[in-house]
Structure formats: C-alpha cells, structure tokens
Enquirer: 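Below is the structure I would like to discuss, written out as structure tokens.
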Amino acid sequence: MAETLKLQAPSAGHWAPAVVLAWLIPGGGHFLLKRPGRGAVLGISVLLVFLLGLMMRGMLFQPQGGDLLTMVIYYGGFIGDLLAGILYFLTVWLGYAQPDMAGHVHDYGTKFLVAAGLLNLLAMVDAWEIATGKKD
Amino acid sequence: MGNRHREKGLTVPKMNLSHFEASLLFALFTSAVLGVITKRTDRERVRYAVQCFAYFLAAIFGLSWLMYLGHG
C-alpha cells in the first residue's frame, strides 16, 4: 500500500490568536509570537499613521450603497478603516465624527486613516506567516 | 441643550500638513512596515526600508516635476 504524503496546513487554533490580536492591537500579534522588536515598529507605525489621519481631520468611511463606484469606495474605505482594529473602535466609541470636507488636508487625513488599516493588514499577514512557520 | 456638549465628539489637535510633508510621512511609515514584513534579517530590513523610502522620494520629486512641467 503506497503511502501518500499529506501536507497538513496548520490548524486555525495555531495561528488565529496571533492574527486576531494583530488586528485588534497593531503589532500585538508579533508580541504574542515573541517578536517584540518587529511588533513595536509595526505598532508604532500604524498608530502614528492613524493619529496623523485624525489630526488632519480625516473622515471615517461608512458603508454606503448606490452606483458601483460609490459602493467600492465606501465599502472598501470602511473595511480599510476597520482593519486598524482597536484604534478604529476607540475613535468611533469616543465620538469622532468628521464629515467629508473639501481640502487637501482632510483628503490626506482620510487616506491616512485607511492606510493605517492597510498597513495593519500587512502586519496581520506577517503574523500569520510567522505563526504557520512560513517565516521566522 | 443636553446634547450640545456631545455634538463635536472626540477632539484631537489639528495639524495642517503640506502635500510634501504628508507624502514624506506616508513614505516614512510605509517604508518601515514594508522593511519589517518583507525581509528576514534586521540588516536586510533596514536596507530595504531605506531603499523603499528612497524610491518614494524619487517618485514624489519625479511626479511633482512632471506635473509642474505639464502645467507649463
């Protein structure tokens, strides 16, 4: 009977805590995986980008229907904002409500808020790769 | 009247950055994250982050000049 080589993917229980923590607390996944240096750089970068976005009075996206382009922008932006984890939840909970306004500073602020979430997504993927043994 | 204090919500210090300053800060933090997540040793990470930042700077100055010259 021929033996078949089965490549088993690591179970979700192995990597999920690190990825969820990486989402909720930027850099937290790396701290859990005992990579504090990298976690600190990632956490501080995401935090500062998010804070700069707030200080530039960026807008937080809300899901909005309508034509396809509007849906892509608003749902995409909302997901991007949401990826910043606790920074997003705290900001909403504390009542930050900046309306969409004209001006390059507000516009940059909005982009910075989404960019913070996207940078955190990269950190989450990195935490997943470390937790599953794909990298050190 | 009771809701008047809640109208503004969270207030954070306001910052007015120019296009260049905002681009520079974005480039700095993005380069740091890209350096950390893409390479395997600290030396490679620093090198790649600096390299990314240099590319960002080149793109900022290049596109700025392009737009300036394009406007005539």
Side-chain angles (χ1 to χ4, degrees), chain A residues 22 26-27 29-30 35 37-58 60 87 90-99 103-116 118-130 134-136, chain B residues 1-68 70-71:
Chain A
H30 286 75
R35 269 78 172 179
R38 279 189 264 172
V41 173
L42 294 171
I44 290 169
S45 297
V46 172
L47 176 70
L48 289 178
V49 172
F50 195 86
L51 283 179
L52 283 167
L54 289 181
M55 288 161 77
M56 286 190 272
R57 298 286 188 273
L60 288 171
L87 299 173
L90 266 179
T91 304
V92 172
W93 181 61
L94 290 171
Y96 179 82
Q98 174 66 41
H104 80 273
V105 179
H106 292 288
D107 205 33
Y108 267 118
T110 303
K111 270 61 178 181
F112 267 58
L113 290 173
V114 175
L118 296 179
L119 292 178
N120 200 33
L121 176 64
L122 293 177
M124 287 162 65
V125 172
D126 195 51
W128 177 78
E129 284 185 334
I130 295 168
K134 290 181 193 295
K135 69 188 284 191
D136 293 333
Chain B
M1 179 94 179
N3 285 335
R4 187 169 288 175
H5 298 291
R6 292 170 58 94
E7 277 175 6
K8 282 186 117 180
L10 174 70
T11 51
V12 284
K14 193 170 182 182
M15 184 180 254
N16 279 317
L17 296 177
S18 65
H19 287 285
F20 180 66
E21 290 163 340
S23 310
L24 213 62
L25 285 168
F26 176 80
L28 181 70
F29 295 120
T30 305
S31 302
V33 171
L34 289 176
V36 167
I37 65 161
T38 49
K39 300 294 173 185
R40 291 182 182 273
T41 66
D42 286 345
R43 191 184 174 85
E44 282 177 338
R45 287 183 187 116
V46 172
R47 195 187 178 118
Y48 188 69
V50 171
Q51 198 178 358
C52 274
F53 187 66
Y55 287 147
F56 270 121
L57 276 185
I60 289 167
F61 279 104
L63 290 172
S64 301
W65 273 104
L66 201 68
M67 285 187 278
Y68 176 74
H71 272 283

Enquirer: Side chain, backbone, both or neither: which part of A/R38 has a heavy atom under 4.5 Å from chain B?
Expert: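 Answer is both: backbone and side chain atoms of A/R38 are under 4.5 Å from chain B.
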Enquirer: Do B/L17 and A/Y108 come close enough that some side-chain heavy atom pair is under 4.5 Å?
Expert: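 Heavy-atom side-chain distance check fails, nothing below 4.5 Å.
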Enquirer: Heavy-atom distances under 4.5 Å only: say whether B/L34 touches chain A with side chain, backbone, both or neither.
Expert: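 Contact with chain A: side chain only.
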Enquirer: CG of A/L42 to CD1 of B/I37: how many Å apart, nearest 0.5 Å?
Expert: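 Here the interatomic distance stands at 7.5 Å.
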Enquirer: Please state whether the side chain, the backbone, both or neither of A/L52 comes within less than 4.5 Å of a heavy atom of chain B.
Expert: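 A/L52 touches chain B through side-chain heavy atoms alone.
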Enquirer: Using non-hydrogen atoms and a 4.5 Å limit, figure out which bit of B/T30 sits close to chain A: side chain, backbone, both or neither.
Expert: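 Both backbone and side chain.
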Enquirer: Please answer whether the main-chain N or O of B/V12 pairs with a side-chain N or O of A/R57 as donor and acceptor at a distance below 3.5 Å.
Expert: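 The answer is yes, because a donor-acceptor pair under 3.5 Å joins these two groups.
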Enquirer: From B/F29 CZ over to A/L119 CG, what is the distance, rounded to the nearest 0.5 angstrom?
Expert: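 If I round to the nearest 0.5 Å, the distance is 10.0 Å.
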Enquirer: Tell me, out of B/R40, B/H19, B/R45, who's got the most heavy-atom pairs with chain A below 4.5 Å.
Expert: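 If we count pairs closer than 4.5 Å to chain A, B/H19 comes out on top.
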Enquirer: Among A/H106, A/M56, A/M55, which residue has the highest count of heavy-atom pairs closer than 4.5 Å to chain B?
Expert: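 Looking at each of A/H106, A/M56, A/M55 in turn, A/M55 comes out on top.
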Enquirer: Could you tell me which non-hydrogen atom of A/A115 sits nearest to which non-hydrogen atom of B/F26, and how far apart they are?
Expert: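 Distance-wise, the nearest heavy atoms are CB-CE1, 3.7 Å.
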Enquirer: Quick one: does B/V36's side chain get under 4.5 Å of A/L122's, heavy atoms only?
Expert: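 The answer is no, as the side chains (C-beta and beyond) never meet within the 4.5 Å cut-off.
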